[in-house]
Amino acid sequence: MENYSEQEAIRRQKLAKLKELGVEPYGEKYDVTDYAADILGRFGSSGDIPEGQQVALSGRLITIRAHGKASFANLQDKSGQIQIYVRQDDIGESEYEIFELFDIGDIIGLTGEVFRTRRGEITVAVKTFRPLVKALRPLPEKWHGLTNVDLRYRQRYLDLIVSPEVKKVFVLRSKLVQEIRNYLNEQDFLEVETPMMHSIAGGATARPFTTHHNALDMNLYLRIATELHLKRLIVGGMDKVYELGRIFRNEGISTKHNPEFTSVEIYQAHADYNDMMRLTEELIATVAQKVLGVQTVTYMEKELDLTPPWPRLTMIEAIRKYANIDFDQISTDEEAQNAARQKGMDVKKGAVRGELMNEIFEEYVEKHLFQPTFIVDYPIEVSPLAKRKADDPSMTYRFEAFMAGSEIANAFTELNDPDDQRRRFEQQVAKREAGDEEAQMLDEDFLMALEYGMPPTGGLGIGIDRLIMMLTDSPSIRDVILFPTMRHKE
RNA sequence: GAGCCAUUAGCUCAGUCGGUAGAGCACCUGACUUUUAAUCAGGGUGUCGAUGGUUCGAGUCCAUCAUGGCUCACCA
């Protein structure tokens, strides 16, 4: 007992007392017929409540106001809270004695009749009740709730109990994800599941997590993208597929990055990146409309208008506009290096035009892209899986969508020339051998698939967590991930 | 990985110049049968993140470490 805090010890004493009185503190399933929000909705904010409105509900006691031989309390269930009223005269002395052993945090089931108090609050006058579970630890304070972010993430269940707005975000997340699926399913896309453990981590430039399979004595990577497997399915004739699921990248943690995050990748044969742009803006606007009822949301105190069509700007135009550099006038690596140096950037030896273009874009342009914007046509050096533009072989049919200064989607007309793909992989391997741990690996098996022939295809990836951030006005990715990655605490 | 900040009761926080630890909520005792941040009277429940050091004396000063947040770097 000496390890328990005073409050825990007292709760355990009450637990023992309940058992002494012949009451099982960990009750069986309770037959619930009503939920708090439904009851409140049924009777409105004023007016008489007819007699005989019987209800049965269960939930957690969130506040208790004892007045001697009667008590008020608030009961919280999945729908919200409702006040309950317990009177010794109504339930009898021995039952009231049991009720007095309840603490904030306990879960009980009860039946009663709905009435309106003098002050007008809809309340359930309890007739019968039963303990369902005794809480052995006290809940966080009712007024300030749980604000210690460390505890909020590590003990998310407490955050959910005491912070309705936190719960609301995760309910919205669930609905938004469901609507993404609905939208894609209605468009005749097929949801598939591909391996999460890869022998080659491909489809993105990122450092993977590694693991090991004992029976096969084989090292495996957790996937960093779903791309290469989904394209194999396109080769296989599954013309419209998507996968919505977890991706793992062994990189930094920030308000925009969690080591595991959720993406949806969508592939459509006989489509190109223009089709993917339309799909992106329609998909996002539609799910916002369906779940939030609007296409204009507030993010960080600014209006974010999701209504299609979103503006399209080539990367070269965007750089000209925000960084005042005209890459149409820059054709060599040396000229690009000079332009970057003039901007005050640290230019690596041997940096090439396409990489510098991308760096300048990320440094000077991205942060300006608050309203949803498509940045179109990316340099080939940073787009090893995208198809080369017919009219400019240094550029690809690729776009990224930006919202609130963050990249939320990446898409291209897929590269389906296996020989070109092999050369691009080989360039990545060379970068890798030069020490770039994020450069891609050569996936021979994927190249073989391409050699069987992949039809012209548009592919799209959307970062679900970031999209949810924007749609729920959440400043940190940890606000939209129930259990964000945390350091292990001793 | 770097810089800055934080860590005190179950929770939210104060703690002055280094002098034996404080408040609100929660909790305990008593009163109270329509309250609602219930009220009234009483009660402080603590390894001051950890370990060293300085000092007669450390929550407070110094060092190291741990955890978290923010910013930067990396990344989506």
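Every chain is numbered from 1, with letters handed out A, B, ... down the list of sequences.
At the heavy-atom level, Ala66(A) lies under 4.0 Å from base atoms of the strands shown. Using a 4.0 Å heavy-atom cutoff across all strands shown, Phe261(A) reaches at least one base atom of the nucleic acid. Within 4.0 Å (heavy atoms only), Asn258(A) reaches at least one base atom of the nucleic acid. Nucleic acid contact for Glu8(A): none, since no nucleic acid atom lies under 4.0 Å from a heavy atom of the residue. When heavy atoms are screened at a 4.0 angstrom cut-off, Gly145(A) is found touching the sugar-phosphate backbone but no base atom.
Applying the 3.5 Å distance criterion, the base of rU35(B) shares a donor-acceptor pair with the side chain of Gln83(A). A donor N or O paired with an acceptor N or O is not found under 3.5 Å between the base of rU33(B) and the side-chain atoms of Gln88(A).
Distances shown here put every side-chain N or O of Arg152(A) at or beyond 4.0 Å from the OP1 or OP2 atom of rG68(B). Taking only side-chain nitrogens and oxygens, Thr255(A) never comes nearer than 4.0 Å to OP1 or OP2 of rG69(B).
Taking every side-chain heavy atom of Ile477(A) into account, rA76(B) is the closest of rA76(B), rU12(B), rU34(B).
Pairs passing the ring pair (Phe, Tyr, Trp, His ring centres under 6.0 Å) check and including a residue from residues 43-72 of chain A, sequence neighbours excluded, read His67(A)-Phe72(A), Phe72(A)-Tyr85(A).
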Q.
Within the 4.0 Å limit for protein heavy atoms, which parts of nucleotides 21-28 of chain B are touched? Write it as a string from 5' to 3', B for base, S for sugar-phosphate only, - for none.
A. ---BBBSS

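Arg312(A) has a carboxylate O that lies under 4.0 Å from a charged side-chain N of Glu281(A), or vice versa, which qualifies the two as a salt bridge. Salt-bridge annotation for Lys14(A) and Asp106(A): absent, with no side-chain N of the basic residue lying under 4.0 Å from a carboxylate O of the acidic one.
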**Q.** For RNA chain B, the dot-bracket pattern of Watson-Crick and G-U pairs whose distances stay under 3.5 Å, | for other-strand partners
**A.** (((((((..((((.....[..))))((((((.......))))).)...(((((..]....))))))))))))....

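The CZ-C1' distance, from Arg65(A) to rC32(B), rounds to 15 Å in whole Å.
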